[in-house]
**Q** 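Have a look at this one.
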Amino acid sequence: MSPLASSNVTMDMLVSLCKRRGFVFPSSEIYGGLNGFFDYGPLGSELRRNIRNAWWEDMVHRRDDIVGIDCSIISHPKVWEASGHVGGFSDPMVDCKESKQRYRADQLFFAPVVVAGEKIGYVSVLEDAKMQTEAEEQANSLKRKLAKQGALEPIVLQDYTNAKPDEYALIPSPATGKPGSLTAPRDFNLMFETHVGAMRDESAVAYLRPETAQGMFFNFKNVVDTTRVKLPFGIAQIGRSFRNEITPRNFVFRSREFEQMEMEYFIHPTADWQKEHRAWIDWCKNWLVSIGLPAARLSEYDHPKAKLAFYSRGTTDIMFEYPFGVQELWGIAARGDYDLQQHIKFSGKALDYFEEATKSKVVPHVIEPAVGVDRIFLAVLCSAYYEDVVEGEKRTVLRLHPRLAPVKCGVFPLVKNKPELLAHAEALYKRLRRKWNVFWDVSGAIGRRYRRMDEIGTPFCVTVDFDTIEKDGSVTLRDRDTTQQVRLSEDELVAELSRRIDGV
RNA sequence: GCGGGCGUAGUAUAGAGGUAAUACGUGAGCUUCCCAAGCUUGAAUCGAGGGUUCGAUUCCCUCCGCCCGCACCA
């Protein structure tokens, strides 16, 4: 039996462990589950909470320049018009019913073929450098096939979003070359809709937020007016967001309800945004390493300039090597002043910052690091999962960072049929419980109890044995990763746990 | 949304048109002076609905969910 490194863990192994130990359950499972939603169990909710708290402490509490907010999930519908989510959250798609191919409507081009003033049919091509030539060849071939005489008029390509409803059936599918199989362009709007108030008419439509970021923008003035922040400064938020994904995949990696941790860092319009952007990429990477992700599994991906949204100056994703591939974990975007300007335009309110030094008003630019709690949760589990061998027996162990571990310490009496041992251990348990989430266990042999703690990532176990009650009151502290033990007095134990769990 | 595969205790798996099983885990008890030991004993399973049949967990259909590929992922 060879040890299994975390880099070889499979999703099946993780999903099974999550279910078996109460980290993650399929949502509303007794009704068959619901695609794209998950419920976090007792251990999973502790782990998520610890991730959120670690981020909040490091991002907000331990910095002077960042403040936190907590916005409602549903906001005024105009927010999503200003942000562009209502209009262009997703591109319209076209399906070919015959070939089962799907195209983005703005990448599928068509043109009528007109010969001597008579429309004889249509041609279609996919967006391409040579598409004009291809379309002309198709038109000529159509003209020959139908044996039409006369001058072929110039082929004017337009994209499929401009097609009129009566043209859908006439435009040939690029896959089959035959008309009649293309659907109308269909919107895939990824926002969940709901209605505010009891009347379910159009005027009551509202949306569950697809990102938390807009809250920082439309509360910009409130924060500036109430907190005495000075540029550069940031506003941070943790909260649920919702996207009606076409295909949720890969466990909690892409789900329809997820939790974001976003921060908008406002900088002076003339500041060196590239330097700030780089600094935030480094901050995020360092933070991930600090909570236990191996640097070797992290990488950076710069979005190519040509693919950037028009308002974005540059976006870099911190990627993580998941079992299903290298995927986006944390996106750090330089967004200029686009978002504030949009809200200025749509709300008619001034969202600016008065600069004392120059006695002038400026609209700041922004750097946005945005990460999903659930993606970190998954990356943490992927990195922590190991199988090794202890005294000839296979052991499953989660090497979670003590800061993230759901349970910090197990507390055991060595045996359960000696009342003095039990009483002493229980008193210690109650003492530790005031400070940390600790776990009491008397059932089974001591080795079994250690293994149970290993599997859920508990970094420490304390055992009260006969030396404790017969000699000096010292207890043993066992380390999860090495399985080594040291004897400590209770005060030494508390100091050691504080040092290793809280870093103080 | 399309195509393929799959769905049996908490987990991993076996099984057959005639009342469902193994291992681990788990509850209770005994034992035990430090790494899943042993013994006793208990709980727990055929994803949902419909059809065929004397009888369906098994065959058929629909739905739901999971996995893989395609497409998609502002």
Side-chain angles (χ1 to χ4, degrees), chain A residues 10-13 15-22 25-38 41 80 83-104 107 175 183 186-191 210-211 213 243-251 253-256 303 307-312 315 324 327-328 331 333 389-397 410 412-418 421 443-455 461-470 475-480 482-485 487:
Chain A
T10 65
M11 287 306 291
D12 283 346
M13 292 157 71
V15 171
S16 168
L17 175 78
C18 282
K19 179 80 196 296
R20 193 168 67 240
R21 291 301 181 187
F25 308 124
S27 171
S28 43
E29 192 184 12
I30 62 170
Y31 292 102
L34 187 59
N35 194 358
F37 296 90
F38 294 90
W80 308 112
S83 71
H85 288 84
V86 171
F89 192 48
S90 161
D91 301 296
M93 305 296 298
V94 187
D95 287 316
C96 169
K97 286 179 281 193
E98 199 168 316
S99 68
K100 308 300 183 193
Q101 293 290 304
R102 171 174 289 171
Y103 308 98
R104 270 173 59 172
Q107 291 176 352
T183 64
R186 289 186 284 197
D187 271 327
F188 284 74
N189 197 299
L190 299 192
M191 280 197 296
E211 61 174 31
R243 293 181 196 180
N244 209 349
E245 296 284 356
I246 299 168
T247 313
R249 274 287 162 93
N250 295 324
F251 201 37
F253 182 82
R254 176 175 295 120
S255 55
R256 290 181 165 136
H303 288 221
K307 294 254 182 186
L308 287 177
F310 65 91
Y311 52 79
S312 178
T315 298
F324 45 84
Q327 296 283 335
E328 175 191 338
V389 177
V390 173
E391 309 202 354
E393 293 280 348
K394 185 182 119 176
R395 174 176 84 137
T396 299
V397 55
F412 316 138
L414 183 58
V415 295
K416 70 172 173 182
N417 56 357
K418 294 285 183 290
L421 269 183
S443 107
I446 191 76
R448 177 190 297 267
R449 286 178 264 165
Y450 287 146
R451 299 302 174 84
R452 280 199 279 246
M453 290 292 101
D454 291 339
E455 197 174 21
C461 292
V462 177
T463 300
V464 169
D465 61 12
F466 287 90
D467 280 2
T468 313
I469 55 171
E470 288 166 5
V475 295
T476 64
L477 174 66
R478 179 234 191 213
D479 179 279
R480 173 195 64 204
T482 64
T483 75
Q484 298 302 301
Q485 295 175 315
R487 282 207 87 87

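Just so it is clear, the values below take in all heavy atoms, side chains as well, and ignore hydrogens, waters and symmetry mates. So you know, we letter chains A, B, ... as the sequences are listed, proteins then strands, and number each from 1.
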**Q** Give a yes/no on whether any side-chain N or O of K19(A) is located under 4.0 angstrom from OP1 or OP2 of rG10(B).
**A**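 K19(A) to rG10(B) OP1/OP2: no side-chain N or O under 4.0 Å.
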**Q** Quantified in whole Å, what is the P atom distance between nucleotide rA48(B) and nucleotide rG65(B)?
**A**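 Going atom to atom, P in each nucleotide, I get 15 Å.
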**Q** Does D465(A) reach a base, just sugar-phosphate, or nothing at all? Heavy atoms under 4.0 Å.
**A**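 Base contact.
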**Q** Taking the C1' atom of each, how far is rU52(B) from rC59(B), in whole Å?
**A** 8 Å
**Q** Taking the same atom, P, in rA44(B) and in rU22(B), what whole-Å distance lies between them?
**A**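 Between the two P atoms, the distance is 15 Å.
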**Q** Out of I446(A), V462(A), V464(A), D465(A), which residue meets the side-chain contact (heavy atoms from CB on, under 4.5 Å) rule with T476(A)?
**A**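 Of I446(A), V462(A), V464(A), D465(A), side-chain contact (heavy atoms from CB on, under 4.5 Å) with T476(A) is met by D465(A) alone.
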**Q** Does the protein touch nucleotides 26-32 of chain B at the base, only the backbone, or not at all? Give it as B, S and - per nucleotide, heavy atoms under 4.0 Å.
**A** S----SB
**Q** rU13(B) pairs with which nucleotide, Watson-Crick or G-U wobble, both distances below 3.5 Å?
**A**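 Partner of rU13(B): rA21(B).
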**Q** Does rA28(B) pair with anything, Watson-Crick or G-U wobble, both distances under 3.5 Å, and if so, with which nucleotide?
**A** rU40(B)
**Q** Do R449(A) side-chain atoms and L414(A) backbone N/O form a donor-acceptor pair below 3.5 Å?
**A** yes
**Q** State whether a side-chain donor-acceptor pair under 3.5 Å links S443(A) with R452(A).
**A**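 Looking only at side-chain atoms, R452(A) and S443(A) do form a donor-acceptor pair, the distance falling under 3.5 Å.
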**Q** At 4.0 Å (heavy atoms only), tell me whether T247(A) reaches a base, stays on the sugar-phosphate, or touches nothing.
**A**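 Result for T247(A) = base.
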**Q** Considering every strand shown, what is the Watson-Crick or G-U wobble mate of rA56(B) when both distances are under 3.5 Å?
**A**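 Paired with no nucleotide.
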**Q** Sticking with atom C1', work out how far rC68(B) lies from rU11(B), rounded to a whole angstrom.
**A**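 Approximately 22 Å lies between the C1' atom of rC68(B) and that of rU11(B).
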**Q** Identify whether a stacking contact exists between F466(A) and rC33(B), where the ring centres must be under 5.5 Å apart and the planes under 30° apart.
**A** yes
**Q** Looking at N35(A), does any N or O in its side chain come under 4.0 Å of the phosphate oxygens OP1/OP2 on rC64(B)?
**A** no
**Q** Taking the C1' atom in each of rU26(B) and rC66(B), what is the distance between them to the nearest angstrom?
**A**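 Those two atoms are separated by 25 Å.
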**Q** Roughly how many Å apart are rG17(B) and rA12(B), using the P atom of each and rounding to a whole number?
**A**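 Comparing P positions in rA12(B) and rG17(B) gives a spacing of 26 Å.
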